[in-house]
There are 2 protein chains.
Amino acid sequence: MAKKKISESTIRRLSLYYRALSVLEKENHQTVSSKELAKREKLTPAQVRKDLSFFGSFGTRGLGYPVAELRNQVASILGINRLWKVALFGVGNIGSALVSYKEFARQGFRIVKLFDNDQRKIGSNHKGIIISDVRNMNKEIAEANVEIAVIAVPATVAQYIVDDVVDHGIKAILNFAPINLKVPDDVYLRNENMSMELEYLSFAMVNNHTQKRPKV
Amino acid sequence: MAKKKISESTIRRLSLYYRALSVLEKENHQTVSSKELAKREKLTPAQVRKDLSFFGSFGTRGLGYPVAELRNQVASILGINRLWKVALFGVGNIGSALVSYKEFARQGFRIVKLFDNDQRKIGSNHKGIIISDVRNMNKEIAEANVEIAVIAVPATVAQYIVDDVVDHGIKAILNFAPINLKVPDDVYLRNENMSMELEYLSFAMVNNHTQKRPKV
DNA sequence: CTCGGTTTGTGAACGTTTTCACATGTTTCC
DNA sequence: GGAAACATGTGAAAACGTTCACAAACCGAG
Ligand SMILES: NC(=O)c1ccc[n+]([C@@H]2O[C@H](COP(=O)([O-])OP(=O)(O)OC[C@H]3O[C@@H](n4cnc5c(N)ncnc54)[C@H](O)[C@@H]3O)[C@@H](O)[C@H]2O)c1
Ligand SMILES: NC(=O)c1ccc[n+]([C@@H]2O[C@H](COP(=O)([O-])OP(=O)(O)OC[C@H]3O[C@@H](n4cnc5c(N)ncnc54)[C@H](O)[C@@H]3O)[C@@H](O)[C@H]2O)c1
């Protein structure tokens, strides 16, 4: 596929465009200008146009972008115009919350497998999904065609789980444990680090940090 | 205070240094080199040295950085060498999970108030904290000296809550709702957007994106 | 007390991302 | 049909962040 080098920031902003376009579509807008799109996500019009221009020409001069069509285009670029099967490891506090998170499903991420090692949880039905024994991941990941793993186990065991998950062919991991996981080069890994955001706020307050528009 | 312009990336990396230094201290290391610190968080030694140099000279040439001392310094820079009182709005799936998140407390963020508008929840004891009626936030935020608000209510009502919270003098907000909140310029706002990370993974897989080291 | 081995701290070079600015094209309205 | 208003797409400039490369400083051994 396309080999151009798209920056991480651009990809993250595509998520924002997608979100804004979904709202615009629900509000029955036919077209939207880069100016309006930028305003809705606190970006600049030039940024919006530049980002989109990496992937093609979607707009009409003098008029703007067709909302519904652009939304589809962005979905297609992000790869969320399809279903992704997700397995979740660790059905504890945060894991349970994630299972109930509607936004994931709405964007094509379907949690189809739950794994834990707690005998009291294994076999029970959680929001319509039976929690599996993590020791069976081998068989069950393959059977269910899982492509993405979400890690929500304690930090102390996260690396072990990830090693196993990688062994079983998973190439994309979203990690909630506050630890730097080691994965092979061909595995995509993203970390969700909530402390980091709070620490950013703390830093800003203590230092009267004159913030630019946040990256996200 | 310091008016130098520190980049967002640097601040985020400080969180990583803090985390790594905490582990190193627990492992009884006396000193650590920029090389080792970089390795532990998948960064480069030059990056580590440059970041720290914005705030002072903490190391010894030929030897490295004193672990315990640097950890304190970083904590002080980040402003987490003190207690921050936090109020959480919306004690639902994600809100409940956050209350139980030990990492926050460990870094000085103490959730002291829970607010909801569900009569069945108000008054009940959740992990040692009585859930308050969100309509009483006026009195209770002031009484408890809350300085940070965490927003975990549905996206549809998030802006209303934030408007109130800002009216009551809060200057720092961590938002989990997938929406772009409007706040005055002097209020710090950070967003936690989990869909964004999954979408990044999706994009990477669909485009065979050759990833650099992730920003975080 | 000197030498060899290390590792910091930092300007300067480099690379990447953002912003600017405008030519180009479309629509609207008289 | 022409003029005014609007808005995209994009090279070029500017801003920003990262990496390089090396002088300076320290340690420990002999
Ligand atoms: N609670 C939060 O709000 C929050 C926020 C951000 C990150 N995190 C991180 O997410 C992770 C989970 O946090 P939590 O609060 O949900 O903890 P938790 O203890 O509630 O949940 C952990 C779950 O993992 C299961 N588990 C333990 N070892 C396992 C193994 N070897 N294989 C499979 N399952 C195993 C446990 O049985 C439990 O169900 C931690 O790394 C935590 O740091 C939590
Ligand atoms: N569940 C997740 O894993 C997850 C992940 C990321 C973001 N989010 C976001 O976090 C928010 C909450 O999600 P959730 O899954 O916990 O939903 P939820 O419905 O379980 O919880 C929402 C809570 O907010 C309370 N609430 C509703 N209106 C309120 C008001 N006006 N004032 C005070 N409290 C009010 C509800 O009573 C409920 O307790 C949503 O915006 C969601 O998009 C959720």
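Here is how names work: the chains are called A, B, and so on, in the same order as the sequence lines, proteins then strands, and each is numbered from 1. Nothing here was measured: the structure is a model prediction, and the numbers come from that model. Side chains are part of it too, since the values below use all heavy atoms of this structure and drop only hydrogens, waters and symmetry mates.
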Residue A/Ser33, side-chain atoms from C-beta onward, closest of C/dT19, D/dA7, D/dT18: D/dA7

Between A/Glu8 and A/Arg190, is there a side-chain N and carboxylate O pair less than 4.0 Å apart? yes

Applying a 4.0 Å non-hydrogen cut-off, can you work out what B/Lys50 is touching in the nucleic acid: base, sugar-phosphate, or nothing? base

B/Leu37 CG to C/dG9 P, straight-line distance once rounded to whole Å: 12 Å

To the nearest Å, give me how far apart CD (B/Gln30) and C1' (D/dC27) are. 16 Å

Roughly, in whole Å, what's the span from CD in B/Glu8 to P in C/dT18? 11 Å

Ignoring backbone atoms, establish whether A/Lys35 has a side-chain N or O less than 4.0 Å from OP1 or OP2 of D/dT8. no

A/Phe54 CZ to D/dT10 C1', straight-line distance once rounded to whole Å: 10 Å

Whole angstroms only, please: what is the NZ-C1' distance between B/Lys42 and D/dT18? 19 Å

Is any side-chain N or O of B/Ser7 closer than 4.0 Å to OP1 or OP2 of D/dC16? no

Specify the residue among A/Thr10 and B/Ala46 whose closest nucleotide of DNA chain C lies further upstream toward the 5′ end. B/Ala46

Only one of B/Glu140, B/Glu143, B/Glu147 forms a salt bridge (Lys or Arg N to Asp or Glu O under 4.0 Å) with B/Lys113, so which one is it? B/Glu140

With a non-hydrogen cut-off below 4.0 angstrom, is A/Ser34 in contact with a base, only sugar-phosphate, or nothing? sugar-phosphate

So, is B/Gln47 close to the D/dG17 phosphate, meaning a side-chain N or O under 4.0 Å from OP1 or OP2? no

Distance alone, cut at 3.5 Å: any donor-acceptor contact between the side chains of A/Gln159 and A/Asp163? yes

Measure the acute angle between the ring planes of B/His209 and B/Phe203, then classify it against the limits of 30° and 60° as parallel, tilted or perpendicular. perpendicular

Going by heavy atoms closer than 4.0 Å, what residues in residues 58-65 of chain A are next to DNA chain D? A/Phe58, A/Gly59, A/Thr60, A/Arg61, A/Gly62, A/Leu63, A/Gly64, A/Tyr65

Is A/Arg49 close enough to C/dC20 that one of its side-chain N or O atoms is under 4.0 Å from OP1 or OP2 there? no

Which of these nucleotides, C/dT19, C/dT16, D/dG9, is closest to any side-chain atom of A/Ser57? D/dG9

Look at the rings of A/Phe109 and A/Phe104 and say which category their plane angle falls in: under 30° parallel, 30 to 60° tilted, over 60° perpendicular. perpendicular

Whole angstroms only, please: what is the CG-C1' distance between A/Leu52 and D/dT10? 13 Å

Is there a side-chain polar atom (N or O) of B/Arg13 under 4.0 Å from OP1 or OP2 of D/dG17? no

